[in-house]
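Notes for the one structure printed next.
Letters A, B, ... mirror the listed sequences (proteins, then strands); counts begin at 1. Please read these numbers as outputs of a predicted model, since none were measured by experiment.
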There are 2 protein chains.
Amino acid sequence: MVSEEIALRVTEAATSLGYRPNPIAYGLRTNRSFTVGVLVPDLTNPVFPPIMRGIEITLEAAGYTAILANSDNDAARERTILDAMRGRRVDGLIVATAHRDDPLVAECLAEETPLVLINRKMEQGNVPSVVNDDAAGIAAALDHLAALGHTRIAHIAGPLTLSTAHARYHGLIAAMKARGIAVDETLFVCCEIFNVDEGRRCCALLLDRGRPFTAIVAAHDLLAVGCYETLTARGLSCPRDVSITGYNDIPLVDRLNPPLTTLRTPLHEMGVEAARCLLERIADAHAPAREIVVATELVVRGSTAAPRAALP
Amino acid sequence: MVSEEIALRVTEAATSLGYRPNPIAYGLRTNRSFTVGVLVPDLTNPVFPPIMRGIEITLEAAGYTAILANSDNDAARERTILDAMRGRRVDGLIVATAHRDDPLVAECLAEETPLVLINRKMEQGNVPSVVNDDAAGIAAALDHLAALGHTRIAHIAGPLTLSTAHARYHGLIAAMKARGIAVDETLFVCCEIFNVDEGRRCCALLLDRGRPFTAIVAAHDLLAVGCYETLTARGLSCPRDVSITGYNDIPLVDRLNPPLTTLRTPLHEMGVEAARCLLERIADAHAPAREIVVATELVVRGSTAAPRAALP
DNA sequence: ATGAAAGCGCTAACAC
DNA sequence: GTGTTAGCGCTTTCAT
């Protein structure tokens, strides 16, 4: 409707004057911020950076940006953050802090904020989520240990309010029963947080209980690292005295002494899927709530071997 | 001016109706977004999560939130991201990707976007920055090696366009000269990126050059890990054949085989300082550009020992 | 089809 | 001091 040349000159002038469309004004009018909130317990847990990268790359392609916050496993902080994010009118939320029964998440859902859980799922409420196949993963670890000849197997679980911890705990018990391995619940202990200190503490607890075992299935690589330390401190050796498996295959566990047998989870891919899933729900709030389950892969390294004798 | 009771009832009604002040509208009016852009090369590099946490906790206390993006060391991506962030009207920028001479940063500065560099500084332009004391850190590593009796010392540097790499490279040379240690520049090699693969490659390169050395000063822990691998692959042992030092003390390097001697940098604290510095500049764009230098601490572990014989 | 005008939720400037 | 109004930059609706 206007001459080609004029149109060009206008565009040119606009850019040369440094014009940029203002997303704030756009957002005010359309009620959309093109912003997504990502809530993790603690970014220094090495499982989260790859997830975050997967999320970011996917959101970016769709014109969205992510705002990130750490809850430090503190419900009060989580509430503050979630409030702040909703206050900032995020278009959606990706939550890695959810408990199996999480009132904060339920609240977001009630407010119709599009939301996807990552590495967690909820019992109720049909909440979309992206998780790895915990039961299959832990069963693979058990298979491996059983094949090596282990029968007295201990487990350091995460907090059972977390779906991953819960699924691994019960998955392990189910797998043991399926293979006819005696389940001795005095060899099962739950940590408070997935970190090295807790691994150290829980391993000591297991040893102090005085029930013999030859292997520990840890629900997280960092817990396994804590076990290494306690064993060393007590003059025990892995894998000679105790075999250990971890979970997640975080960086550098392949270079520990011994290298850790663990389950590799496709963290980046999980981030990508979570972001995709969220974008779907932002586009259509009533899209069916998908639960995406990704496969894990057992990586056998030096921390597992045939049992020598039962401990302690 | 209005009765206490009415005021209370109004506030009550507001919250019960789910009223939240809309920061988008606020931002449109005031031209402030209370948002800060954080640009890192790669969040899966373990130095960045603690920095990010320090930034976040500080910004949060001031009512700001961070949006995070990874450039993957790609100038084109960096430009896109920076444009997007400025387009989103971030109130300021924290940049961990800057080169010593960085036109993109210069451009942001020219547009008067408040900006702080972290773990990087620029040669020109009086840009506020938070860095560790690279020269002192690398000198501490050298002192330690020299005290053990090393005189043939190799260096795997980072890309010299980065201020950290540059400062460590020249700091090492200066320290060697100061201690009367011969500087053989054929024992100095620069990597492209701070990661394990590059460490592996550069260590192989050093060995292939055929000049004898008994120690490697690596400019980053991940490079040191790469050295471990190449040495192992060639049937050499650390520290028996070659001592190695890293930089940053990232998680798990204390549990490698052998545990890595390295320089601990207070990453969280650096993040806090960077955010504080940025908030200052947001409050007053003409505040003096501070350059904050934090101290590092040498952590001696098993990867360094007295030299046995010169290599190869 | 094209263009004018209203309004998103808030603040700052302005009258009173 | 207190209440009113204009307007931030955009989209969308409504006249034309």
Q | For Asn45(B), side-chain hydrogen bond (donor to acceptor under 3.5 Å, both in side chains) partners two or more places apart | A | none

Q.
Taking side-chain hydrogen bond (donor to acceptor under 3.5 Å, both in side chains) as the definition, give me every residue that meets it alongside Thr161(B), ordered by chain and number, with sequence neighbours left out.
A.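 With sequence neighbours excluded, Thr161(B) shows a side-chain hydrogen bond (donor to acceptor under 3.5 Å, both in side chains) to His99(B), given in chain and number order.
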
Q: Taking side chain to side chain contact (heavy atoms under 4.5 Å, CB included) as the test, write out the residues that go with Thr164(A), two or more places apart.
A: Asn119(A), Arg120(A), Asp134(A), Leu162(A), Arg168(A), Phe194(A)

Q. At how many degrees, to 10°, do the end axes of the helix from dA1(C)-dT16(D) to dC16(C)-dG1(D) meet when each uses five pairs?
A. 60°

List the atom pairs, donor and acceptor, that lie under 3.5 Å between side-chain atoms in residues 109-117 of chain A and the rest of the protein, sequence neighbours left out.
residue: Glu111(A); atom: OE1; partner: Arg86(A); partner atom: NH1; Å: 3.2
residue: Glu111(A); atom: OE2; partner: Arg86(A); partner atom: NH1; Å: 3.3

(Q) So, using salt bridge (charged side-chain N to carboxylate O under 4.0 Å, His left out) as the criterion, who are the partners of Glu269(B) when residues are at least two apart? (A)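 Testing Glu269(B) for salt bridge (charged side-chain N to carboxylate O under 4.0 Å, His left out), a comparison that skips the adjacent residues, returns none.
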
Q: With sequence neighbours excluded, give me every ring-ring contact (aromatic ring centres under 6.0 Å, His included) pair touching residues 103-132 of chain B.
A: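 ring-ring contact (aromatic ring centres under 6.0 Å, His included) check on residues 103-132 of chain B returns no pairs.
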
Q: Return each pair, listed once, that meets side chain to side chain donor-acceptor pair (under 3.5 Å) where at least one residue sits in residues 59-69 of chain A; pairs must be two or more places apart or across chains.
A: Arg32(A)-Tyr64(A), Glu60(A)-Arg77(B), Thr65(A)-Arg88(B)

(Q) Output one letter per nucleotide in nucleotides 5-13 of chain D: B when a protein non-hydrogen atom lies under 4.0 Å from the base, S when only the sugar-phosphate is that close, - when neither is. (A) -BBBBBB--

